[in-house]
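Letters A, B, ... are given to chains in the order of the sequence lines, protein chains preceding strands, and every chain is numbered from 1.
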Amino acid sequence: MKEYVALIDCNNFYASCERVFNPTLKSKPMVVLSNNDGCVIARSNEAKNLGIQMGEPFFKCKSIIESEDVKVFSSNYTLYADMSNRVMSIIKDFFPNTEIYSIDEAFVSIKTSNEALLMRNIQNLKKLILKWTGLPVSIGISTTKTLAKVANGIAKKGLGLSIIDDGDQSRELILKKVKVDEVWGIGKRLGKTLRAHGIVNAFQLSNLDHRWIRKKTNVSVLRTVMELLGVPCIQFEQIPLSKKQIITSRAFRKGISDFNLLEEAISTYISRASQKLRTQNSVCSTITVALSTNRFNGRIPHKFLFHTKSLQPSTNFTPTLIKAGIKILKEIFEERIAYKKGYVFLSGIENSISRQYTFEDNLDLLAREERLMRVLDRINNHYGSDTLKYANTGTSRGWLMRRPKKSKNFTTNWNELLTISI
DNA sequence: TCTGGGGTCCTAGGACCC
DNA sequence: TCTGGGGTCCTAGGACCC
């Protein structure tokens, strides 16, 4: 029996999701933008070929987008999340030992002595994902996660499936072609440091002296190096770990100086964050609220104002968190400043079962709070996310982000089903 | 005019303990 | 004149990922 790791990655995920429901976009350059249509966060291959960069601000590439007739979409996370769930459930049907790594990627761990069968299964999986969801995926196979990532990168450039065998001499040839900062875990900064020492490709990285790596960098890089050598060092996490920190932050449509509007926005972010907290059965002991001004506006000094409060006992009760958060907001708020972004951080997270109480805590009241949140979540899950909301979160919501070019929620809303006229 | 959002891990250094 | 040694915990900041 040999153990393999495969990385299954959806190609240009957000852009591909839009294409599924709009076939006229096939072979056309297209991009998906971040919230408030700020930056490019997904590109079709045709858009990549036009030189549009990942993360590029929209206004900077607007001229090329217009001149080349690039189709533009605001992000539609409801759609992408639903499409992701579909892909992941197909993968899990094939390979139960699956780690969902991100919205568009999954690692699978496979023990087999029949390599030919494995390859057939993988190819079938790829075909079925395309057939059942309309989404193209690339698959890289090797013996460690890092090598599977390398293989996936090659698959993306070629036929969508690639294998790096640790016994294969071609591993050397392949790793020599991979730039050092394209290796998973080596970013810009480390890449620069490594290049300064003459290490430019993944093969050179894999041959470095371990003591030198430890001295010059950190233990994460050493793990990466071991993985390139075929020694698994990065754990396979089949059961998703619960979050240690929950963040809800959004840029506002435009700068806000009005306290009441900020209160609405922050209350809304807190209800989102506490709902995330409850879905993983956790409570938190710390809340931080922050406001910042536009960091790209060179004419005014950039401000990032924040305070933190401790909560005793730890909680996931939205009203308690809103109360604490608004108190913080009052402390940090300064008049006559246009705030561009609001943040809520929940930390000190633990499982609600292990939560600690004091003798003063009213356990009956806490139990009632818990029941209330259960009912609230159930109603919102069933009838839509804002069916029941807190008055603090406001009704006008003039600060809400802009998504003017958003496609419909084709798969999650009966009123927005795709219609085809013949 | 216009620049996303949400996470994790590691390390160094300070505070503190006996 | 000369001021130990060994350890833990916490936090901020940096680096990385998608």
(request) Between A:K276 and A:R299, name the one whose nearest nucleotide on DNA chain B is closer to the 5' end. (result) A:R299

(request) By nearest nucleotide on DNA chain B, pick out whichever of A:K244 and A:F296 is the more 5' one. (result) A:F296

(message) Taking ring pair (Phe, Tyr, Trp, His ring centres under 6.0 Å) as the cut-off, I'd like each qualifying pair that reaches into residues 302-327 of chain A, sequence neighbours left out, listed once.
(response) A:F304-A:F306, A:F304-A:Y343

(message) Can you pull out every ring pair (Phe, Tyr, Trp, His ring centres under 6.0 Å) where at least one residue sits in residues 236-255 of chain A? Sequence neighbours excluded, please.
(response) none

(message) Suppose you measure atom P in B:dT3 against the same atom in C:dC18; what distance do you get, rounded to whole Å?
(response) 25 Å

Salt bridge (Lys or Arg N to Asp or Glu O under 4.0 Å) partners of [X], counting only residues at least two apart:
X      : result
A:E335 : none
A:R374 : A:E370
A:K406 : none
A:E105 : A:K149

Gap between atoms [atom1] and [atom2], on [X] and [N] respectively (whole Å):
X      : N     : atom1 : atom2 : value
A:N294 : B:dT1 : CG    : C1'   : 11 Å
A:Q245 : B:dG6 : CD    : P     : 11 Å
A:Y343 : B:dG5 : OH    : P     : 8 Å
A:Y14  : B:dG5 : OH    : P     : 12 Å

(request) Can you check each nucleotide of nucleotides 7-18 of chain C against protein heavy atoms at under 4.0 Å and return B for base, S for sugar-phosphate only, - for none, in 5' to 3' order? (result) --------SSSS

Phosphate OP1/OP2 of [N]: any [X] side-chain N/O under 4.0 Å:
X      : N     : value
A:K340 : B:dT3 : yes
A:S34  : B:dT3 : no
A:R402 : B:dC2 : no

(request) Spell out, as yes or no, whether a donor-acceptor pair under 3.5 Å connects the side chain of A:S162 to the backbone of A:A151. (result) yes

(message) Run the side chain to side chain donor-acceptor pair (under 3.5 Å) test against A:N22 and tell me which residues pass, sequence neighbours left out.
(response) A:T24

(message) Can you list everything that forms a side chain to side chain donor-acceptor pair (under 3.5 Å) with A:D82? Sequence neighbours excluded, please.
(response) A:R86, A:T411

Regarding [X], tell me which of base, sugar-phosphate or nothing describes its non-hydrogen contacts under 4.0 Å with the strands shown.
X      : value
A:R403 : nothing
A:R214 : sugar-phosphate
A:K243 : sugar-phosphate

(message) Within a 6.0 Å radius of atom CD on A:Q238, are there more than 12 heavy atoms belonging to other residues, nucleotides or ligands?
(response) yes

(message) According to side-chain contact (heavy atoms from CB on, under 4.5 Å), who are the partners of A:E360, at least two apart in sequence or on a separate chain?
(response) A:T358

(request) Report yes or no: do A:S352 and A:N281 form a side-chain donor-acceptor pair below 3.5 Å? (result) no

(message) So if I take residues 37-75 of chain A and measure heavy-atom distances to DNA chain B, which residues fall below 4.0 Å?
(response) A:G38, A:C39, A:P57, A:F59

(request) Toss me the dot-bracket line for DNA chain B: Watson-Crick and G-U wobble, both under 3.5 Å, 5' to 3', using | for pairs to another strand and [ ] for crossers. (result) ....||||||||||||||

